[in-house]
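The structure under discussion appears below in the form of structure tokens.
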Amino acid sequence: MQANDHLFALVDCNNFYASCEAAFRPDLAGRPILVLSNNDGNVVSLNQAAKDAGFEKFKAWFEYRELAKLKNAAVFSSNYTLYGSMSARVHSIISEYAPSVEDYSIDESFLQIDGFHGDRISWARELRERVKKWTGIGVSVGIGYTKTQAKIANRFAKKLPEGVFDLASQPNPDECLSNVDVQDIWGIGERKADKCGARGISNARQLRDASDAWIKANLGGIVGLRTAWELRGVSCIPIEEVRPDKQEIMNSRSFGRPVEREEELLQAISSYAARACEKLRRQNGRARTVMVRIDTNSFRSQDPQYHESATFTFEEYTSHTPDILAAAERLGRHLFRNGYRYKKAGVMLSDIVDEARRPPSLFLDREEEARKDRMMATIDTINRKLGAGTLRFASAGFRHPWEMRRENLSPRYTTRWEEVLRVKAC
DNA sequence: TCTGGGGTCCTAGGACCC
DNA sequence: TCTGGGGTCCTAGGACCC
């Protein structure tokens, strides 16, 4: 493959969660906005006013309560229903702008724009304006010969008022790369950055020019090589237009308060397992392995700690909630120890196959399986029509005192008629 | 009192086979 | 009799991402 054969753009929403909240609350203009993680644990998104007021991402919320009052900040619990639906709107607008688009994350899309030799800056500006006008969300656009370069370009775009940066048309790209810390490169985390630092490599230009042999030996083999080659302009990470089905499905949550009783812990495990099963069936998958893990709060060093997981493998692939719940509950009982304050539990389904491509089995009772499938299909249909959780399994319990805290939840403006925005005429 | 959730890919190393 | 070494599969764990 030749260098510079391709061209990519990365569109990244600015302060996405905070922007979603702001989009429905024009009355908050000028005020700091903070969005909290699940369980109102820490701060995960800030608008510009909040950054200017001195708030920082990933700080614990309880340490900010006073400052938030002082600065008259608007504070929101995470509202993933809202963000998911806003994300779908943004993605759908972006998809009009290139033949090949990958929805990379909730707030980022890669566009492949090979052979686009027109005025890329104008094209990007128009995209930006349309997203802003139709959704209220601000985005930045970075352009480069590879995805890794587009990511870097996006970092520059974020700092510019026009919100667009084209690395591929820079007269002096070396200088641009010199200004990017190695730690800020897509694919270089803390560990790899440390190894680079020890070798005297501190910016993207130096990493680009490092020897393949050293990179391969020290930066995770071909993963690191791909990053370096992409910095050189050789595209190694293609666009993935269709998200492949999940190979693992995880559901885990921290509790709103410590859980000490076995029955409560098992209820939480059951409800997480049931949720994982729904996700599994939505991709027409069947799983053979279920893992349960339980954890105490590792931030409380004064408490005794317990972190364990256990795995069970079925004889046959299954997506039948009662079967998986029974296994998860057995694992939970096996793991549970008295005398600990549990903070978190999780259930993971793995060894997943597509229903249509499942290996044949000699022992499977086809009739029994068909009956189970009908039962699950009925439950899924009812829950889709009447709302998630309309039909539930009794083992998940009915009162959930351990459920996460979401004390500042905004309405689900875009997905619930009861919570849609009201406009008053004066 | 209070510190997120959900993934992916890769490598290393052991077991096993021929 | 040959007791080496290459291939493959699996799993655990590391590292990274948003």
Side-chain angles (χ1 to χ4, degrees), chain A residues 10 12-13 15-17 34-45 56-66 68 75-80 83-84 87 102-110 147-148 151 154 182-196 215-227 236-238 240 243-258 272 275-276 279-280 283 288-289 291 293 295-303 309-311 313 341 343-352 402 404-408:
Chain A
L10 175 68
D12 189 326
C13 298
N15 313 324
F16 183 58
Y17 298 169
L34 279 65
V35 180
L36 309 180
S37 66
N38 273 333
N39 235 1
D40 294 347
N42 50 34
V43 178
V44 294
S45 183
E56 284 174 42
K57 224 167 153 176
F58 301 124
K59 287 277 172 69
W61 160 232
F62 71 89
E63 292 175 2
Y64 270 156
R65 277 182 194 274
E66 287 308 309
V75 181
F76 296 94
S77 303
S78 285
N79 185 344
Y80 288 104
Y83 311 148
S87 170
E102 170 182 351
D103 295 339
Y104 173 66
S105 76
I106 195 162
D107 66 344
E108 286 169 276
S109 298
F110 281 109
K147 284 177 151 184
T148 304
K151 275 274 203 182
N154 200 283
V182 77
Q183 165 104 260
D184 293 332
I185 301 169
W186 190 42
I188 304 295
E190 211 183 329
R191 292 305 182 87
K192 290 182 185 176
D194 285 349
K195 288 199 174 158
C196 287
I215 292 166
K216 187 166 187 209
N218 293 279
L219 300 184
I222 69 163
V223 185
L225 272 182
R226 275 204 283 257
T227 299
C236 305
I237 308 172
E240 270 186 8
R243 270 287 121 129
D245 286 336
K246 306 279 181 236
Q247 300 171 35
E248 296 171 338
I249 290 172
M250 166 88 106
N251 201 248
S252 80
R253 286 279 180 287
S254 295
F255 305 131
R257 63 155 172 76
Y272 302 163
R275 180 80 191 104
K279 293 189 202 169
L280 177 66
Q283 68 171 44
R288 214 163 69 110
T289 299
M291 184 206 75
R293 64 168 305 125
D295 294 281
T296 50
N297 186 349
S298 42
F299 285 96
R300 290 184 60 86
S301 49
Q302 67 272 38
D303 286 357
S309 69
T311 296
T313 300
R341 293 154 60 82
K343 177 61 181 168
K344 184 176 177 177
V347 175
M348 185 166 85
L349 304 177
S350 58
D351 196 352
I352 292 172
W402 36 267
M404 64 179 176
R405 278 187 306 275
R406 300 168 92 187
E407 288 167 0
N408 307 286

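Just so we're on the same page: letters track the sequence lines, and every chain starts at 1.
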Determine whether more than 12 heavy atoms belonging to other residues, nucleotides or ligands lie under 6.0 Å from atom CZ of A:Arg257.
-> yes
Take nucleotides 12-18 of chain C nucleotide by nucleotide from the 5' end and write B, S or -, depending on whether a protein heavy atom sits under 4.0 Å from the base, only from the sugar-phosphate, or from neither.
-> ---SSSS
Is a donor on one side and an acceptor on the other found under 3.5 Å between the side chain of A:Ser78 and the backbone of A:Leu36?
-> yes
Want to settle it: does A:Pro258 or A:Lys216 sit nearer the 5' end of DNA chain B, counting the closest nucleotide to each?
-> A:Pro258
Return the set of residues passing ring-ring contact (aromatic ring centres under 6.0 Å, His included) with A:Tyr17 (not counting sequence neighbours), or none when no residue passes.
-> A:Tyr80, A:Tyr83
Among all residues two or more places apart in sequence or in another chain, which pass the ring-ring contact (aromatic ring centres under 6.0 Å, His included) test with A:Tyr64?
-> A:Phe55
Which distance, rounded to the nearest 0.5 Å, do you find between the CD1 of A:Ile188 and the NZ of A:Lys195?
-> 11.0 Å
Can you tell me if A:Asp303 uses its side chain to pair, donor with acceptor, with the backbone of A:Arg341 under 3.5 Å?
-> no
Could you run down nucleotides 4-10 of chain B 5' to 3' and tag each one B, S or - for protein heavy-atom contact under 4.0 Å?
-> BSSSBSS
Partner set under ring-ring contact (aromatic ring centres under 6.0 Å, His included) for A:Phe16, not counting sequence neighbours | none
Counterpart residues, side-chain hydrogen bond (donor to acceptor under 3.5 Å, both in side chains), relative to A:Arg293 (two or more places apart) = A:Asp295
Nucleotide paired to B:dC18 in any strand shown, Watson-Crick or G-U, under 3.5 Å | C:dG5
Looking only at atom P, what distance separates B:dT1 and C:dC18, rounded to whole Å?
-> 35 Å
How is A:Asn297 classified with respect to the nucleic acid when contacts are heavy atoms under 4.0 Å: base, sugar-phosphate, or nothing?
-> sugar-phosphate
May I ask you to say what A:Arg300 touches in the nucleic acid, namely base, sugar-phosphate or nothing, with a heavy-atom cut-off under 4.0 Å?
-> sugar-phosphate
P spacing across the pair B:dC2 / C:dC17, given as an integer number of angstrom = 31 Å
Specify the separation, in whole Å, of atom CD of A:Glu63 and atom P of B:dC2.
-> 13 Å
